[in-house]
Enquirer: 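First, the structure itself, so that you have it in front of you.
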Amino acid sequence: MAVEPFDVVDLIRTKRDKGVLTTEQITWLVDAYTRGYVADEQMSAMTMAIFLNGMERTEIRDLTLAMIATGETLSFDGLGKPTTDKHSTGGVGDKITLPLAPLVASFGVAVPQLSGRGLGHTGGTLDKLESIPGWRAKLSNDEFYAQLKSVGAVICAAGSGLAPADGKLYALRDITGTVEAIPLIASSIMSKKIAEGTAALVLDVKFGSGAFMQDPARSRELAETMVQLGKDAGTKTVALLTNMNVPLGLAIGNANEVRESVEVLAGGGPADVVELTIALAREMLALAGQPDADVEAALKDGRAMDTWRAMIAAQGGDPDAALPAPRESQVVTADADGVLAAQAALPFGIAAWRLGAGRARKEDPVHHAAGIDLHAKPGDRVTKGQPLFTMHTDEPARFERALEALEGAYRIGDTADDVGPLIAGRVD
Ligand code: URA
């Protein structure tokens, strides 16, 4: 049996006492954990020490590279077109990937979008797309490359082969209260994105009540850390800091988010969804060498829609099929005249989740027609009795729990609360 070069307890002590781990120590630690030599309880102690004491930039880079080294890496060198990808840290009503990937691909840029499923109150891109009859999330490597070549846009399930250390570590963090450590989040996200092999990456780092990270200063620190990691690995990386205090768009769920994305691709859709889609598309296209691309024109003249239809059809979906309809709906109306002053993202996300749009455990199914359609956004004038939002579910017993989540989540007043701009900053 090979002799292990380090003692994990020494490494834990180093981090516990605010020391710095070497490249060799980190590379060994991640590998030894992935192959089961370092035990979960030892890694738990290590992640807690990292959570409490942080990591140097060099350590975060080493951790990211070590996680990449535990799995396969993809390469798009033979594709003959530039590649660019986007990652969002997740939010309520965040369906931007759906219109964005075909929009960017309509400019001849390949968008390999390996996505996940939702857990908790933020929805998963694959769950949304699976509301389209026939659409398939799982592609073979050959299908993936062929679609990237022909259509340009692919949104599909990430295989477990990319940075497998991250899957194991993330599950451990989830049950040990160590998810919210910036070095661990940044290395987790970037290891998968760098292993995926995209030449350029735009990050949508969210802050606010419906985001993973509420504080704008912490989300900026996360964005800076990830942008640096991308650059260190040779991936052109830019981040936008975006506001998640209010749900994005008017649809929160799965099928209804697909419907709203198609509206954007048809040149319409809610102003905030359009603004963010365009801003991210511009960043992606600039990194791919097209800084002057007329993104709005591609939404208005049907080019982005044509790519959407081809992308859905290539994965077995019928872009013309009716989307699933809910069995039951319940409308909530305004109880006074005035202005919709507040609409907090997190409770709306939780309510949609309780209606069946999200899952509590990895193995749970989602209800594709469940969710919430908003009829007013903060700042809109409303009159007593006017519908504010409609809840949809397949199981009416869920309405009560959803309404509980929404208590105090919206308010009618004289003026809207100031939650700040949608796009609050940029890191490059
Ligand atoms: N998403 C990830 O992939 N990893 C994290 O640590 C947090 C969000």
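Keep in mind that this is a model prediction, so the values were computed, not measured. Order of listing sets the numbers, starting from 1, for every ligand and every atom in it.
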Enquirer: Going by atom types alone, do Asn245 and Ser209 pair a side-chain donor with an acceptor below 3.5 Å?
Expert: no

Enquirer: Need the ligand 1 atom indices (1-based, order shown) with element for anything under 4.0 Å from a heavy-atom of Phe212.
Expert: 7 (C)

Enquirer: Considering only the protein, which heavy-atom contact is closest to atom 5 (C) of ligand 1, and what is its distance?
Expert: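 Its nearest protein heavy-atom neighbour is Tyr170 CE1, 3.2 Å.
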
Enquirer: Side chains of Tyr33 and Asp40 only: does a donor on one sit below 3.5 Å from an acceptor on the other?
Expert: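 Judged by distance alone, the side chains do pair up.
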
Enquirer: Tell me, please, whether Phe107 has Arg303 positioned over its six-membered ring: NZ or CZ under 6.0 Å from the ring centre and within 45 degrees of its axis?
Expert: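 Judged by the rule (NZ or CZ under 6.0 Å from the ring centre, within 45° of its axis), Arg303 counts as positioned above Phe107.
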
Enquirer: Distance to 0.1 Å, residue and atom name: give those for the protein heavy atom nearest to atom 1 (N) of ligand 1.
Expert: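 For atom 1 (N) of ligand 1, the nearest protein heavy atom comes out as Ile189 CG1, 3.8 Å.
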
Enquirer: Would Lys192 count as being in polar contact with ligand 1, using the rule that some N or O on each side must be under 3.5 angstrom apart?
Expert: yes

Enquirer: Which of these, Ser188, Gly167, Ser88, has its nearest heavy atom closest to atom 4 (N) of ligand 1?
Expert: Ser188

Enquirer: Please answer whether the main-chain N or O of Gly230 pairs with a side-chain N or O of Lys193 as donor and acceptor at a distance below 3.5 Å.
Expert: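 Side chain of Lys193 to backbone of Gly230, a donor-acceptor pair under 3.5 Å: no, none is there.
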
Enquirer: Would you say Arg173 has any N or O atom under 3.5 Å from an N or O of ligand 1, going by distance alone?
Expert: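 Yes, since at least one N or O of Arg173 sits under 3.5 Å from an N or O of ligand 1.
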
Enquirer: Looking only at side chains, do Asp204 and Thr242 share a donor and an acceptor under 3.5 Å apart?
Expert: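 A pair is found: one side chain offers a donor N or O, the other an acceptor, under 3.5 Å apart.
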
